[in-house]
Amino acid sequence: MYRLLIVDDEQIIVDGLHLLFQELNTIDLDINCAYDAHDAQKVASEMRIDIVLSDIAMPGMNGFELQQEITRQWPRCRFIFLSGYNDFQFIQSSLRGGAVDYVLKTEGDNAIIRAVEKTVRQIEAELQQEQLIGRARQQLQQTLPVLRREYLLELLEGAESTPESRSRRFRELAVPLQPAAPVILTVGRVDAWPENLHPGDKELFLFSINNIFEDYFAGAFHCVYVLYAHHRFAWIMQPAPGAKDQSRELIRFVQGTIESIQAAIKTYLKLPCSFIAASQPCSWEELPETLDRFSVLFASGLGTGSEMLLTDRPALGASGRQERVKINRIHLLGSYLDRKEQERFYALFDDIMESVPVHFGVQTGIALEVFYSLTAIFSGYLNRRNLFDEISPHINMKQLYAIQEHASWPKATAFFRLLAALIFAYSDNANERETNEVIRKLHDYMDSHLDEPLSLNQLSEVVYLTSSYLSRLYKQKTGHSITDSITTRKITEAKRLLTETNRKIQEIGEQIGYGSPSYFSRFFKRETEMTPQEYRDAFRST
């Protein structure tokens, strides 16, 4: 949809052009009107304008001056000038000023339509797919480090992925790792920062730590750096192509090199750092569980608790590791609630709840961890949306906060599942209620403002939605466009006034937003195949 602004100090011309473009089916237009240049400036200050169809000779501010003002705010806006004078100097001035066309008012409606259609084609030509993709690629390069970190953090936190999905994202984000090959995880932390550190210096130090790390492993490993917590950083590593596939030798090399890195950081940056290196490669799916073990080792503070250099020893069996990976993904349930992704929520929820090893009741360590994690997720969701009063009559809220309120883990599982179902059902109902309220407000506004040339932008401000989103929402909900609805309401009201009152036809036209009797008659005949007088006579003769 393109926004067209029609500007002329003669109202009859503006109203006529408004009706002309309303009848046009070849272009999807949101039509706005202004009766002088200052009105046009006000419209342009409130919304983006794509095309301006403007008279040149207007009092106060002419069309050229208006063009300068609007294009200063909307540089992509195209101007088509209308004039009653075939003046070559006018034509030259308008084209030099950036106008895309110049139409004489005497050339008629078809010439004006062709000018607007040509302008739309020019706009579309500039927005061709290749240009958009090229611009997107450029922007992607600028944001690549942030996007790469976010994606790798998701993998470290247990987000679902497959070799195929990783391969696709690695290509997009220029991650220099193999999506199906094992990886070696190394994590580190700064144990103490220098006193009187200036703001921003920490980022420089962390950048320098990564530089040292990559320098020591250059040529031997491909490494991707991820800052994942307060003063903690991780490297996901794979041997460079051509390296010997001997895990023990690779691990010894990694551990020995990290010892050198730790010393170099202490020497050159004066920073005490601790590191933990994996004792064996792991799959991408095992990364979250490996990171979780490393976090436990850091928390235990072995030895001095500072400048540690540790290797991990998996403490859990295969089944235990799988359970921990599932449980570490529990935070994703909150995202699925927010996005109303019911299938993904229930699939992960069932996976987590079934993985909790409960033998004698529910108050075991992992059960407690999962239970109160779910308490935090659901409480936060209900709190942010003020839903406690809506949900509490349908469920025992005491069971949300106390695990002892549940006789068994299956009963606790059933409680949280019911709570999720209530939330999803309420969200669906709330969305429906909100949409219905938006439609009701629109219809009320249309009915009370039929005497105005209603525009999509005007209506979007009534319900605080963008015009493009409102247009899609209305069509999805009602099955027809806002323009069609306005037309139907105006015609219905005109028919009522023609048959139930003795008002003059001109007055009836004004009451539904058509100040010119000829344009009202044209509009009415287009919709009913009868003039207003013919309709009145036909009704009264029956």
Side-chain angles (χ1 to χ4, degrees), residues 143-158 173 175-177 183-218 220-238 250-282 286-315 328 331:
T143 59
L144 206 55
V146 175
L147 296 175
R148 184 188 296 129
R149 176 179 178 269
E150 288 178 352
Y151 179 65
L152 292 171
L153 271 177
E154 289 177 5
L155 295 181
L156 286 170
E157 291 173 353
L173 301 175
V175 176
L177 300 174
V183 294
I184 297 172
L185 183 66
T186 298
V187 299
R189 75 175 181 200
V190 176
D191 295 323
W193 291 98
E195 295 182 4
N196 303 319
L197 199 65
H198 294 294
D201 282 356
K202 287 184 180 179
E203 286 73 16
L204 292 175
F205 275 115
L206 293 171
F207 185 78
S208 299
I209 289 171
N210 181 50
N211 282 344
I212 291 173
F213 191 97
E214 291 185 347
D215 285 344
Y216 270 84
F217 281 106
F221 278 82
H222 289 157
C223 309
V224 177
Y225 170 74
V226 186
L227 187 65
Y228 75 93
H230 189 57
H231 306 159
R232 292 191 184 182
F233 30 87
W235 289 274
I236 305 172
M237 308 166 62
Q238 285 177 341
L250 289 173
I251 293 298
R252 280 199 296 269
F253 175 77
V254 169
Q255 293 171 351
T257 304
I258 289 175
E259 187 174 357
S260 300
I261 291 171
Q262 186 183 46
I265 293 171
K266 184 65 178 291
T267 300
Y268 299 116
L269 301 180
K270 312 301 180 187
L271 287 179
C273 290
S274 293
F275 290 89
I276 302 175
S279 60
Q280 61 187 32
C282 69
E286 292 172 324
L287 267 178
E289 187 270 332
T290 304
L291 184 62
D292 191 58
R293 287 203 314 273
F294 286 10
S295 298
V296 172
L297 283 173
F298 267 143
S300 66
L302 297 177
T304 63
S306 179
E307 296 187 75
M308 297 184 294
L309 187 58
L310 307 173
T311 60
D312 77 310
R313 288 290 183 270
N328 283 347
H331 67 280

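FYI, side chains are in, hydrogens and waters are out, and symmetry mates aren't considered; it's all heavy atoms of this structure.
- Scanning all heavy atoms of the two residues, the minimum distance from Cys273 to Asp191 falls at C-OD2, 3.3 Å.
- The CD atom of Glu307 sits 10.0 Å away from the CG atom of Leu271 when rounded to the nearest 0.5 Å.
- A 4.5 Å side-chain heavy-atom check between Leu204 and Asp201 finds at least one atom pair inside the cut-off.
- Between Arg189 and Val187, every side-chain heavy-atom pair lies at or beyond the 4.5 Å cut-off.
- Taking all atoms of both residues into account, the shortest heavy-atom contact from Val254 to Met237 is CG2-CE, 4.2 Å.
- Looking at heavy atoms from C-beta onward, Thr186 lies out of side-chain contact with Phe221 at the 4.5 angstrom threshold.
- Residues Cys223 and Trp235 come closest through the heavy atom pair CB-CD1, 4.3 Å.
- In this structure, the side chains of Leu155 and Ile236 stay at 4.5 Å or more apart for every pair of heavy atoms.
- The OG1 atom of Thr290 lies 11.5 Å from the CD1 atom of Ile184; values are rounded to the nearest 0.5 Å.
- Under the 4.5 Å side-chain criterion, counting only non-hydrogen atoms from C-beta, Tyr225 is not in contact with Phe207.
- Nearest heavy-atom pair across Phe294 and Leu185 is CE2-O, 3.6 Å.
- Closest of all the heavy-atom pairs between Ser274 and Met308 is OG-N, 2.7 Å.
- Taking 4.5 Å as the limit, every side-chain heavy atom of Ile265 sits out of range of all side-chain heavy atoms of Phe213.
- Pro272 and Ala192 get closest at one heavy-atom pair: CD-O, 3.5 Å.
- The closest side-chain heavy-atom distance from Phe205 to Val190 is not below 4.5 Å.
- Considering OG1 of Thr267 and CD of Gln262, their distance stands at 10.5 Å, rounded to 0.5 Å.
- Distance CZ/Phe275 to OG1/Thr257: 12.0 Å, rounded to 0.5 Å.
- Contact annotation: the side chain of Leu227 never approaches that of Asn210 to less than 4.5 Å [non-hydrogen atoms, C-beta and beyond].
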- Item | Stepwise side chain to side chain contact (heavy atoms under 4.5 Å, CB included) check, Thr311 with Ile251 | CA-CA 10 Å; Thr311 60; Ile251 293 298; over 6 Å; no
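- Here the straight-line distance linking atom CD of Gln255 with atom CG of Leu309 works out to 8.0 Å at 0.5 Å rounding.
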